[in-house]
Amino acid sequence: MIAPTVGKTLLITTFLFFSVFLALILFSPSVPFSQTPLNSAVSERTEIWSLRRVFEWRPCNWWLQGRPAALPAKSNGYIRVDCYGGLNQMRRDFCDGVGIARLLNATLVLPKFEAAAYWNESSGFEDVFDVDYFIQQMNGFVQVVKELPAEFASKEPVRVDCSKRKGLFDYVENVLPLLLEHHYISFTPAMSQRRDRYPLYAKAALCQACYNALRLTNKLEKKGSELLQTIPKPFLSLHLRFEPDMVAYSQCEYSGLSAASIQAIEAARGDRKPWTGEQARLWRNRGKCPLTPNETAIILQALSIPTNINIYLAAGDGLMEVEGLTSVYANVFTKSTLLSSEDFKTMHGNTKAALDYYVSVNSDSYMATYFGNMDKMVAAMRAFKGLYKTLFLSRRGFAVLTSQGLNGSSLMEALWKIHKDDFVMGVGSALPDCFCEFKL
């Protein structure tokens, strides 16, 4: 009688064990399927910065170490460069203007900064950049004066339309005669200059101005240094562009935005209506749509950027949907949180942009969700200083991959590959006019 009893007891125990085990499987909280491979795939990779690069951009020796060509004994006249837009756009225009002034053998007058009301700006060139240092560094490259001779001091320059002037012959054949006639002219360089056609002495002047001579004022450098010291180290500077005007200008539509964001975008649209249907898909797949903060967080995760990293958010006023980033990356710092409220309130647009520029150039690593004037200048200056942890996040890559239906670990793997190739090959890390590619 003992054996059957033992067998029966063993059978009941086994049944109860499997019943409990099955219940644990069925009723325990589950992790979404898409998250499981995502986390495991990302954790297996090293950070993007640990990859060995094949190419990098460095300032070319022909202008950095070479002696500038001797300036002609007589100047052909005076040129003032009129600069418009945000700080980094004005900086780009001024650098181009320096090259053109040397091309035409002209004497450069300090530029005029004309910011639109949108930029909340009233500061001039001398409020942002160290004028004496600029003149000193440009000695031998181009003549620069603080003040005009008496015969021109009370006059406005003759305005020359250079919107279609892009190369050497355009300026020599069309602008130089006006300079010789009037002796004092002003212009704004066209956006797409053909600098590759300049003679080396004009290129050298442009490169020297942009990367050696333009230094922030002592006051701004001190403020930038103080801001830099308050950011926990090491840190990533992230230039994130998702403001209402930026989205409105892109003519892109987004799903899942808050009511406040949608209202702000609609208010900024004006006549620029968003693309719809197949046109919207093609537009997005061409990389024309700004990355949202949430999309940015997804790419950062794909690149194995730790979620506990310190991030300095280099962004303009009005950034939308920032919770999409901070819900994943919690250690996010901004100018408004690090500076005193009084300091922040008294700052104009150029001052804020200058501080973002200063911190980004000196950060441990830099990423940008756009390829605008600030991003190009920061990347070039970081390359100039030998700082190569710089990467532009691919709007086009993200759009194409998600339109193909990729998600979870498949999306992460594909995003990793796109950005890995860009970083390894040094894509978009500097301006080729003043920088040369070196194979490592």
Side-chain angles (χ1 to χ4, degrees), residues 45-60 64 87-89 91-92 95 207 210-212 214 216 224 227-228 231 233-241 287 290-291 295-306 309-315 325 329 332-333 353-398 415-440:
R45 297 196 207 100
T46 56
E47 203 175 27
I48 187 83
W49 309 126
S50 66
L51 297 174
R52 182 180 177 276
R53 294 191 335 281
V54 176
F55 293 99
E56 70 182 21
W57 292 84
R58 301 174 190 169
C60 302
L64 189 64
L87 175 63
N88 292 288
Q89 179 180 332
R91 179 175 180 152
R92 180 205 68 198
C95 290
C207 296
C210 241
Y211 303 111
N212 261 340
L214 280 178
L216 298 179
L227 179 58
L228 189 64
I231 305 171
K233 312 295 187 299
F235 75 96
L236 161 70
S237 180
L238 176 64
H239 190 209
L240 180 55
R241 298 297 310 272
L291 290 168
E295 291 168 344
T296 302
I298 291 172
I299 298 177
L300 294 185
Q301 286 180 287
L303 303 184
S304 296
I305 303 300
I309 193 174
N310 299 307
I311 295 178
Y312 174 79
L313 199 56
L325 174 70
Y329 290 88
V332 175
F333 304 88
L355 292 180
D356 279 343
Y357 165 82
Y358 182 90
V359 170
S360 296
V361 167
N362 293 286
S363 61
D364 297 288
S365 53
Y366 177 77
M367 288 187 178
T369 64
Y370 202 64
F371 196 52
N373 293 310
M374 173 174 163
D375 308 306
K376 294 172 186 175
M377 191 57 66
V378 168
M381 281 306 299
R382 286 178 62 81
F384 184 80
K385 297 177 70 170
L387 303 172
Y388 292 102
K389 290 184 178 180
T390 303
L391 188 64
F392 295 99
L393 305 187
S394 177
R395 302 184 306 280
R396 181 179 180 276
F398 187 88
L415 287 170
W416 166 264
K417 186 178 187 310
I418 287 173
H419 291 88
K420 177 197 73 172
D421 294 344
D422 283 354
F423 179 67
V424 166
M425 300 304 291
V427 173
S429 58
L431 300 177
D433 302 299
C434 304
F435 290 77
C436 294
E437 192 177 51
F438 285 79
K439 188 173 182 180
L440 301 179

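Note that the structure is a prediction, hence the values are computed from the model and not measured.
No donor-acceptor pair closer than 3.5 Å links the side chain of Y312 to the backbone N or O of S363. Y388 places a side-chain N or O within donor-acceptor distance of the main-chain N or O of W57, the cut-off being under 3.5 Å. Checked by atom type and distance alone, the side chain of R45 pairs as donor or acceptor with a backbone atom of A302 at under 3.5 Å. No donor-acceptor pair closer than 3.5 Å links the side chain of R91 to the backbone N or O of M374. Remark: the backbone N or O of G287 is paired with a side-chain donor or acceptor of R395 at under 3.5 angstrom.
The closest side-chain heavy-atom distance from I48 to W416 is below 4.5 Å. The closest side-chain heavy-atom distance from L227 to Y358 is not below 4.5 Å. Using a 4.5 Å heavy-atom threshold, the side chains of C210 and M381 count as separate. Residues E56 and L440 are in side-chain contact: their nearest non-hydrogen atoms beyond the backbone lie under 4.5 Å apart.
Listed here is the closest heavy atom pair of L387 and T390: O-OG1, 3.8 Å. Taking both residues in full, the closest heavy atoms of L228 and K233 are given as O-NZ, 2.6 Å, listed atom of the first, atom of the second, then distance. Shortest non-hydrogen contact noted between L240 and A315 is O-CB, 3.6 Å. The two atoms that bring D364 and P234 nearest to each other are OD2-CA, 3.1 Å, heavy atoms only. Nearest approach of Y329 to Q301, heavy atoms of both residues: OH-N, 3.3 Å. The two residues A379 and F392 have their closest heavy-atom pair at CB-CZ, 3.8 Å.
Within a 6.0 Å sphere centred on OH of Y370, heavy atoms belonging to other residues, nucleotides or ligands number 12 at most. For R396, the CZ atom sits in a loose shell: 12 or fewer heavy atoms of surrounding residues, nucleotides or ligands are nearer than 6.0 Å. Within 6.0 Å of atom NZ in K439, 12 or fewer heavy atoms from other residues, nucleotides or ligands are found, so the atom counts as exposed in its surroundings.
Interatomic distance, OG1 of T296 versus CG of L291, reported as 4.5 Å (0.5 Å rounding). How far CG of L393 is from CD1 of I298: 12.0 Å, rounded to the nearest 0.5 Å. Taken from CZ in F333 to CG in N310, the straight-line distance is 5.0 Å, to the nearest 0.5 Å. Note: E295 CD to L300 CG = 12.0 Å, rounded to the nearest 0.5 Å. In this structure, CG in D375 is found 8.5 Å from CG in N88, a value given to the nearest 0.5 Å. The CZ atom of F423 sits 8.5 Å away from atom OG of S50, with the distance rounded to the nearest 0.5 Å.
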Does the pair K420 and L51 meet the rule for a side-chain contact (heavy atoms from CB on, under 4.5 Å), with working shown? CA-CA 8 Å; K420 177 197 73 172; L51 297 174; 3.2 Å; yes

For L325 and L238, what are the C-alpha separation, side-chain angles and deciding distance, and is it a side-chain contact (heavy atoms from CB on, under 4.5 Å)? CA-CA 11 Å; L325 174 70; L238 176 64; 3.9 Å; yes

Quick one: do I231 and S237 satisfy side-chain contact (heavy atoms from CB on, under 4.5 Å)? Show the steps, please. CA-CA 10 Å; I231 305 171; S237 180; over 6 Å; no

Please test L391 against W49 for side-chain contact (heavy atoms from CB on, under 4.5 Å), starting from the C-alpha separation and ending with a verdict. CA-CA 9 Å; L391 188 64; W49 309 126; 3.9 Å; yes

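Cysteines C434 and C60 have SG atoms no closer than 2.5 angstrom.
For R382 and Y366, the positive end is not near the middle of the six-membered ring at less than 6.0 Å and at most 45° from its axis.
Between the side chains of N362 and K385, a donor-acceptor pair is found at a separation under 3.5 Å.
Ring pair Y211/F384 is parallel by interplanar angle, where below 30° counts as parallel and above 60° as perpendicular.
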